Amino acid sequence: MNAPILLHMRGVSKAFGSTQALDDVSFELRQREIHGLLGGNGAGKTTLMNILFGLYRADAGEIFLNDQPVHITGPKDAITHRINMVHQHFLQVGSFTVLENILIGAPRKNRWNNRYDAEVQKIQSLQERFGLQVPLDALIEDLPMGMRQKVEILKALYRGVQVLILDEPTTNLTPQEVDALFQSLRVMVQEGLSVVFITHKLREVMSVCDRITVLRNGKNVLTLDRQEASEDAFVRAMVGEGMDLSRSVIFAHAGQDLPAPAPVPLLRVEGIVTAPAEGSVALKGISFDVREGEIFGIAGVAGNGQRELAEVVMGLLPVQSGQVFLRDQTLPHPDSRRVLKGDFAYIPEDRLHDGFLPRASVAHNLILGLHRRPPYSNGRVIDWSTVFSRARELIGQYNIKTSGPEDMGGNLSGGNIQRVMVARAFSATAPVLVAHNPTRGLDIPSMDLVYQKMLERKRQGQATLLISEDLDELMLMCDRIGVLYKGELLGIVERGQFEKYTIGQMMSGIRPQA
Amino acid sequence: MNEFWLTIISYAKLILLTIVPFVLAGQGTMLGGRTGIFNVAQEGIMLVGASVGFLVSYLTRSNELGMLAAMLSGGLFGLALAYFTTNLRMDQFVIGLALFFIGIGLSTLLPKIVIGVTLTPPLIPTLKEISIPVLSQIPVIGEIFFKQNALVYFSILLSVGLWWYLYRTQVGMELRAVGENPQAADSLGVNVTRSRYWTAIVGGMLIGLAGAYLPMVYTGTFTENMVKGRGWLAIALTFFGGWKPDTILYGALFFALIEVLAYRVQVLGTAIPYQFLLMLPYLATILVMVFSFRKARVPAFLGQNYDREKRAL
């Protein structure tokens with residue numbers, strides 16, 4: 001039962017500037033186990049594994065492999081020790097082929113040619129053994145995310161691994177692809193590998209991991225065998241004592257009593273067609289409505305037109321045909337002032353590019369787009385004392401970690417910038433909210449706050465369009481879910497009929513039987 | 001053979017002779033760019049190369065030592081660029097401009113210190129034509145291609161060699177990966193810092209050699225600001241050639257053709273002002289970039305600095 005310990009990290013600490021990302025963390029990995037590394041965003045899971053992989057240098061701490069101390073100063077050392085990592089954001093060269101991506105940096109007898117017959121054979125046998133079929137001569141940029149992940153795993157296997165680290169591997173996968181991944185992991189463990197599985201999703205670790213370590217705020221909380229512990233123990237460990245679980249949306253297991261939305265469409269989108277363009281997906285005739293008091297979800301694997309859809313609803317992206325209606329009134333299109341007019345609020349997907357001014361203060365960022373309307377302005381002049389007092393309230397309420405409203409936006413961490421986005425969007429109290437991955441980068445209490453605010457909007461009869469890559473999130477929050485595939489809305493599922501695998505099939509392009 | 005054909009042959013030969021500074025500086029720029037280092041100091045480095053190459057040749061009466069010294073000085077500029085951008089992560093464009101101005105200053109200062117002011121220009125031996133045995137006997141082609149100076153042969157062989165290296169070897173593929181996504185290359189054990197250093201240094205050496213070509217082939221002496229914008233043209237050429245060794249060679253032919261025409265026009269005094277012709281390469285570069293926008297690939301990481309521990313927000 002208790003396999004010998006393969007890898008031991010002891011007393012690891014790491015600071016980025018003034019933030020202590022890891023504080024005296026220890027981690028133990030046994031042979032032939034899948035070890036879940038669980039924690040909310042910002043808990044330090046990825047940082048810990050980046051140290052093991054040599055991308056980050058630890059301020060303190062030791063690493064032992066088979067009881068021998070090892071010094072890892074770069075990924076090259078890690079690879080020599082047969083440790084490899086699949087990053088959440090794949091480290092691949094888009095303009096190269098799959099084969100080239102696998103072979104970058106691979107040792108060969110003669111590195112002065114490109115005759116790869118022997119290498120191709122080795123890769124093909126790996127593909128068969130672990131069920132990772134990918135066309136080797138395809139360009140990476142042409143492949144869907146699920147395939148690209150297989151490439152990432154092949155890269156690791158090709159170099160020969162004993163420790164494989166997977167960082168949030170399920171983010172861009174459909175439920176079916178997740179199952180296939182878990183099967184491949186099981187095969188790997190049987191063949192003698194050890195796997196570290198980083199995730200913030202409790203359900204995933206419970207279904208695939210042998211042991212689980214929980215991190216919170218850069219500290220060890222506990223390590224347990226899966227069989228020994230209940231789900232509740234892990235939940236408690238992840239969120240800490242400070243959170244009131246009974247009021248939580250995420251953990252209140254007794255089915256949510258969502259008030260049914262009124263049958264009055266508030267936002268209506270009809271026959272939206274957009275032009276195809278480099279690096280974007282054309283929308284092909286999208287129609288749906290979001291009713292008063294409804295949370296309407298858009299599911300789909302990233303890059304299937306979600307961003308374009310959000311931008312059309314916000315009036316930012318021109319359309320070839322189709323219209324957006326608010327309370328049966330046609331809106332002029334394109335019109336980038338929908339937020340300024342007060343009918344719309346927006347949490348953009350790319351917070352740094354589309355939603356945030358790093359050189360402006362936190363207070364400025366918190367009122368961006370709301371600054372022409374009361375209470376912040378009388379229409380001509382901004383009332384700065386109101387702005388700052390409200391900013392202080394929002395900073396407290398949304399737990400934004402900053403020295404104050406005057407602090408420069410660029411000083412905030414990614415998670416805190418997201419809190420600013422969320423605070424701004426909800427404080428706008430607009431009839432329509434378009435929220436694109438609103439909980440990305442948030443820890444669990446903050447995620448929960450976002451969900452509570454969404455339910456509050458629901459009670460007030462406001463419409464929310466929730467675009468998310470997290471199917472669990474959508475199934476938790478939404479009244480209806482539309483599935484987007486290659487710019488097409490393949491179908492709309494009602495809350496009563498939510499079923500992970502049917503939605504997953506639609507996400508991979510299979511139309512539901514009528 | 002009649003007069004007309006003899007003129008054509010002499011023009012073709014002259015064009016081939018003129019591609020050298022473009023090819024060397026263009027390939028040097030391309031090589032650095034392949035690891036993300038965008039050198040904009042070509043004009044200054046070429047001037048230094050011309051100045052140092054001239055001085056060493058003058059003092060030693062040896063073109064070879066002059067070329068070696070020019071490459072060494074160009075390599076030093078490349079080393080400085082690599083250090084400031086890779087280790088100190090300073091802005092590449094700002095460092096490049098600073099190196100450009102330092103280059104201009106040094107190039108005029110050095111001859112004044114070493115030789116002083118003279119009434120007649122100090123002269124150095126120019127590069128000799130080398131006839132390739134047998135091949136140079138082929139009519140027309142032999143005259144154009146196989147009776148040239150050593151650097152003409154070198155620049156063409158260099159282009160072929162670089163193409164083979166980048167597109168036909170594993171090491172070249174890894175080098176290209178650094179310029180596309182250094183984080184991916186780093187995570188697979190490719191030494192990003194080392195790649196950036198050596199390409200910047202070798203690139204600088206080639207650019208320095210390109211500068212030394214001017215006094216050693218064209219004039220036999222060094223004059224102030226003798227590079228006359230060829231360094232800037234090298235940047236245009238690199239974009240024109242899509243950062244690929246083979247197309248840069250073809251682009252250099254085109255740029256050289258225009259240079260030769262421009263000077264002919266200037267000598268003959270036709271209605272077309274030669275300044276207009278000198279403008280053509282830039283115009284052509286813009287047109288190429290407009291029309292081949294989708295195909296022209298620039299290394300994705302060009303002009304950026306890599307920091308392994310930088311956290312994505």
Side-chain angles (χ1 to χ4, degrees), chain A residues 14 16-17 19 21 46-47 50 53-57 74-80 84-97 100-108 110-116 119 140 152 155-156 159 278 351-352 356 358 410 412-418 441, chain B residues 33-36 86-87 160-196 198 242-244 289-302 304 306-313:
Chain A
K14 172 78 183 170
F16 290 101
T19 34
T46 305
T47 308
N50 272 339
F53 187 55
L55 275 177
Y56 294 166
R57 215 172 267 243
K76 201 168 183 169
D77 296 336
I79 294 167
T80 320
N84 221 314
M85 180 161 176
V86 173
H87 290 82
Q88 184 178 7
H89 304 287
F90 304 144
L91 298 178
Q92 294 169 343
V93 181
S95 56
F96 282 19
T97 63
E100 285 174 326
N101 267 287
I102 294 173
L103 291 176
I104 293 170
R108 296 174 72 212
N110 183 355
R111 292 164 51 75
W112 292 89
N113 66 33
N114 66 346
R115 282 182 287 278
Y116 294 131
E119 285 79 7
I140 288 288
E152 228 27 29
K155 262 161 72 174
R159 278 158 185 77
E278 185 98 349
R351 56 189 171 221
L352 286 181
F356 197 72
L412 300 190
S413 73
N416 281 308
I417 290 176
Q418 187 67 17
Chain B
R34 283 304 186 167
T35 58
T86 307
N87 285 50
V160 176
L162 279 175
W163 172 84
W164 173 81
Y165 171 76
L166 285 175
Y167 291 97
R168 286 294 177 270
T169 71
Q170 164 114 5
V171 271
M173 187 259 282
E174 288 166 8
L175 193 80
R176 286 186 287 129
V178 173
E180 294 291 331
N181 186 347
Q183 208 181 1
D186 188 20
S187 75
L188 293 168
V190 175
N191 192 330
V192 174
T193 308
R194 190 163 64 199
S195 314
R196 282 171 74 103
W198 85 254
W243 298 83
K244 284 157 89 180
M289 291 191 64
V290 169
F291 288 109
S292 63
F293 178 66
R294 271 151 205 263
K295 276 192 214 153
R297 280 205 70 97
V298 172
F301 204 66
L302 185 68
Q304 297 177 56
Y306 173 58
D307 181 356
R308 184 188 272 175
E309 294 220 356
K310 191 175 170 193
R311 301 174 94 188
L313 281 173

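Computed over heavy atoms, backbone and side chain alike; hydrogens, waters and symmetry mates excluded. Keep in mind that what you see is a predicted model, and the values were worked out from it rather than measured.
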With sequence neighbours excluded, what pairs up with Glu119(A) under the side-chain contact (heavy atoms from CB on, under 4.5 Å) test? Leu103(A), Arg108(A), Tyr116(A), Tyr158(A)
Highest number of heavy-atom pairs under 4.5 Å with chain A: which of Met173(B), Glu180(B), Gln183(B)? Met173(B)
Can you check whether Trp163(B) reaches Arg168(B) side chain to side chain, under 4.5 Å on heavy atoms? yes
With a 4.5 Å cut-off on heavy-atom pairs, point out which of Val190(B), Asn181(B), Leu188(B) contacts chain A the most. Leu188(B)
Part of Asn101(A) within contact of chain B (heavy atom distance under 4.5 Å): backbone
Do you know which of Ile104(A), Val93(A), Asn110(A) has the most heavy-atom pairs with chain B at a distance under 4.5 angstrom? Ile104(A)
Proximity breakdown for Gln92(A) and chain B, heavy-atom pairs closer than 4.5 Å: backbone
Of Gly74(A), Gly54(A), Ala156(A), Ser95(A), the largest count of non-hydrogen pairs under 4.5 angstrom with chain B goes to Ser95(A)
With a 4.5 angstrom heavy-atom cut-off, which part of Val171(B) approaches chain A: side chain, backbone, both or neither? both
Quick one: does Arg176(B)'s side chain have a donor or acceptor within less than 3.5 Å of a partner on Leu166(B)'s backbone? yes
Mind checking whether Asp186(B) and Leu55(A) have side chains closer than 4.5 Å, heavy atoms only? yes
With sequence neighbours excluded, tell me which residues meet ring pair (Phe, Tyr, Trp, His ring centres under 6.0 Å) with Trp112(A). Tyr165(B)
Exam field: side chain Arg196(B) to backbone Thr35(B), donor-acceptor pair closer than 3.5 Å: yes
Interface check, chain B: of Ala106(A), Ala78(A), Gly94(A), Gly415(A), most non-hydrogen pairs under 4.5 Å belong to Ala106(A)
Decide yes or no on side-chain contact (heavy atoms from CB on, under 4.5 Å) for Arg115(A) and Gln170(B), but give the supporting numbers first. CA-CA 9 Å; Arg115(A) 282 182 287 278; Gln170(B) 164 114 5; over 6 Å; no
If you count heavy-atom pairs under 4.5 Å between each of Arg159(A), Lys155(A), Gln418(A) and chain B, which one has the most? Arg159(A)
